[in-house]
Asks: 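Have a look at this one before I ask anything.
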Protein chains: 2
Amino acid sequence: MATGARHTDRREDALSRERIVDAAVELLDIAGESGLTFRALSAQLKTGPGAIYWHVANKSELLDAATDAVLSAATTGDHAGSPAERIRAVALGLFDAIDQHPWLAPQLANNPWKSVTLQLFDRVGQQVQALGVPSPAQFTSASALMIYILGAAGQNAANAANARTQQPDGDRAALLETESAAWERLDRAGYPFLHDIAAQFREHDDRAQFLAGVDLILAGITALRPQG
Amino acid sequence: MATGARHTDRREDALSRERIVDAAVELLDIAGESGLTFRALSAQLKTGPGAIYWHVANKSELLDAATDAVLSAATTGDHAGSPAERIRAVALGLFDAIDQHPWLAPQLANNPWKSVTLQLFDRVGQQVQALGVPSPAQFTSASALMIYILGAAGQNAANAANARTQQPDGDRAALLETESAAWERLDRAGYPFLHDIAAQFREHDDRAQFLAGVDLILAGITALRPQG
DNA sequence: ACCTGAACACCGTTCAAGT
DNA sequence: ACCTGAACACCGTTCAAGT
């Protein structure tokens with residue numbers, strides 16, 4: 001990218017785990033998981049592929065480190081407010097992080113119970129407790145929220161990636177239009193529901209839809225509380 | 001695997017797309033997505049790797065076909081019952097299919113709106129309509145259910161895969177024990193919630209937990225209905 | 001202690017050549 | 001029309017050898 005560097009072309013800094021992880025995140029953001037290659041990485045860092053293995057055990061560890069770096073930077077911020085508002089804040093933070101770094105989605109899906117994810121799970125769980133959910137139902141409630149948040153954010157990222165691949169200029173509106181039109185063309189007998197909501201789907205806003213889902217689960221949590 | 005085949009070692013059948021897909025599913029079930037290789041596949045089918053390309057465009061199409069084959073076989077069955085019961089049946093069908101074929105999870109996460117997924121989405125949506133959800137909320141409700149179902153089933157499959165990798169004999173109980181003990185060792189100040197529910201986590205049943213989440217969302221859907 | 005870069009054992013995919 | 005199998009352009013990872 002930055003081709004402007006003129007004279008002294010010697011390595012400006014020693015290789016370090018941090019520089020490697022930063023470069024990895026850059027590659028991942030530009031070209032997705034398949035764009036992160038030890039050869040591309042070493043080219044960008046002006047080393048041989050073997051050098052990276054001195055600082056990082058393998059590609060899996062590198063992906064974990066990249067995930068940690070991006071996610072811990074994106075989720076610091078301790079919003080105040082009601083329990084529901086705080087849960088929405090965590091949810092939106094994750095949604096936006098995955099939207100900006102779509103490679104996070106499979107990474108988070110494949111290994112839950114990693115430290116950053118656990119912190120977020122705990123934050124959600126604390127607010128579930130603050131909502132007055134009795135102890136036996138807390139795990140179910142916090143899990144359902146977490147699963148929905150990660151799943152919806154991941155689907156959103158996948159849709160964006162598919163839009164970039166399938167449509168000429170990566171237009172989200174065009175993808176919605178195509179999909180919605182396809183639903184309208186389905187026979188009403190076989191797909192009555194899709195037929196009905198095709199128009200709704202065409203005009204929906206991903207972020208708003210995501211938050212509506214969070215609120216739906218929050219309503220369920222509240223509804224199942226003993227006090228009703 | 002089957003080394004017992006004696007005489008006539010000529011190819012018993014011509015190659016066909018169906019035979020290729022069946023063999024692909026077999027490889028995927030045994031060794032996961034990384035086990036599906038055009039070389040392994042052609043070895044099992046006693047051909048060259050190039051032959052497969054006559055019937056299948058590329059690996060992505062092969063994975064799609066394998067997903068279709070497994071999922072359409074696993075989700076036929078038109079249970080009767082209340083809308084909630086029917087939704088639970090679809091949910092359990094998907095949960096079990098992904099549990100038995102863990103490679104389905106990333107496949108379904110990466111391309112929603114594929115024909116089989118659309119059928120299931122429509123089935124869920126029909127029951128949402130049967131529950132009396134007003135039109136504007138139908139898409140949110142069905143989406144939330146679908147996202148939760150796919151997400152929870154995927155996490156369950158990922159956990160099972162990790163248990164197989166990390167623990168000596170792939171013991172799920174051992175993984176739960178290890179994880180739960182780790183949560184109890186976390187400091188109470190930083191992770192109050194995890195600390196509290198560690199014991200619950202140790203004893204939870206994945207399938208029951210999954211259904212409890214479905215019911216939680218159903219409760220939310222019901223709670224947000226106009227009639228209350 | 002840290003880096004180099006050739007080498008190994010794999011991939012998906014293509015394509016001339018065969019039947 | 002369908003299959004063969006060598007070849008191409010990649011991978012992640014290792015490791016003797018250098019500094």
Side-chain angles (χ1 to χ4, degrees), chain A residues 5 8-67 103 106-107 110-111 161-162 165-166, chain B residues 5 8-67 103 106-107 110-111 161-162 165-166:
Chain A
T8 70
D9 213 19
R10 64 190 162 100
R11 187 138 63 267
E12 52 267 32
D13 252 331
L15 212 51
S16 71
R17 192 182 157 94
E18 201 193 348
R19 284 191 61 222
I20 291 172
V21 171
D22 286 351
V25 169
E26 211 172 312
L27 283 176
L28 287 164
D29 286 346
I30 292 172
E33 183 166 336
S34 71
L36 177 59
T37 283
F38 277 81
R39 281 167 181 84
L41 196 54
S42 57
Q44 190 169 342
L45 294 167
K46 306 197 173 176
T47 11
I52 296 168
Y53 281 89
W54 183 263
H55 301 273
V56 164
N58 50 40
K59 188 170 182 176
S60 165
E61 191 188 293
L62 182 54
L63 276 167
D64 282 353
T67 302
W103 49 273
Q107 196 59 21
N110 285 332
N111 37 8
N162 289 344
T165 312
Q166 291 167 19
Chain B
T8 69
D9 212 20
R10 64 191 160 100
R11 186 138 66 269
E12 53 268 31
D13 252 331
L15 210 51
S16 70
R17 192 183 156 94
E18 200 193 349
R19 283 190 63 221
I20 292 172
V21 171
D22 286 351
V25 169
E26 212 173 311
L27 283 176
L28 286 165
D29 286 345
I30 292 172
E33 184 168 332
S34 71
L36 176 60
T37 282
F38 277 80
R39 280 166 182 84
L41 197 54
S42 58
Q44 189 170 341
L45 293 168
K46 305 197 173 175
T47 10
I52 297 168
Y53 281 89
W54 183 261
H55 301 272
V56 164
N58 50 40
K59 189 169 181 177
S60 165
E61 190 187 295
L62 183 54
L63 275 167
D64 282 354
T67 302
W103 49 272
Q107 197 60 19
N110 285 331
N111 37 9
N162 289 342
T165 312
Q166 291 167 20

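Note on naming: letters A, B, ... go to the chains in the order of the sequence lines (proteins, then strands), and numbering restarts at 1 for each one.
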Asks: What string of B, S and - do you get for nucleotides 8-19 of chain D, 5' to 3', if B is base contact, S is sugar-phosphate-only contact and - is no contact with any protein heavy atom under 4.0 Å?
Replies: ---BBBBB----

Asks: Nearest 0.5 angstrom please: B:D22 CG to B:S16 OG, how far?
Replies: 8.0 Å

Asks: When rounded to the nearest 0.5 angstrom, what is the spacing between CG in B:L36 and CG in B:L63?
Replies: 5.5 Å

Asks: Enumerate the residue pairs fulfilling ring pair (Phe, Tyr, Trp, His ring centres under 6.0 Å) with a member in residues 16-35 of chain A, sequence neighbours excluded, ordered by first and then second residue.
Replies: none

Asks: Which residue pairs pass the ring pair (Phe, Tyr, Trp, His ring centres under 6.0 Å) test with at least one member in residues 39-67 of chain A, sequence neighbours excluded?
Replies: A:F38-A:Y53

Asks: Under the salt bridge (charged side-chain N to carboxylate O under 4.0 Å, His left out) rule, what pairs show up with a residue in residues 54-65 of chain B, not counting sequence neighbours?
Replies: B:R17-B:E61, B:D64-B:K114

Asks: Applying side chain to side chain donor-acceptor pair (under 3.5 Å), can you list everything that pairs with B:D29, at least two apart in sequence or on another chain?
Replies: B:H101, B:W103

Asks: Where each pair must be Watson-Crick or G-U wobble with both distances under 3.5 Å, what dot-bracket representation of DNA chain D is obtained, with crossing pairs in [ ] and other-strand partners as |?
Replies: ||.|||||...|||||.||

Asks: Are the side chain of B:T37 and the backbone N or O of B:A40 linked by a donor-acceptor pair below 3.5 Å?
Replies: no

Asks: Using side-chain contact (heavy atoms from CB on, under 4.5 Å), reason through A:L62 and A:L41 one step at a time and then give a plain yes or no.
Replies: CA-CA 11 Å; A:L62 182 54; A:L41 196 54; 3.5 Å; yes

Asks: Please confirm whether the shortest side-chain N or O distance from B:H55 to OP1 or OP2 of D:dC3 is below 4.0 Å.
Replies: yes

Asks: Give a yes/no on whether any side-chain N or O of B:W54 is located under 4.0 angstrom from OP1 or OP2 of D:dC2.
Replies: yes

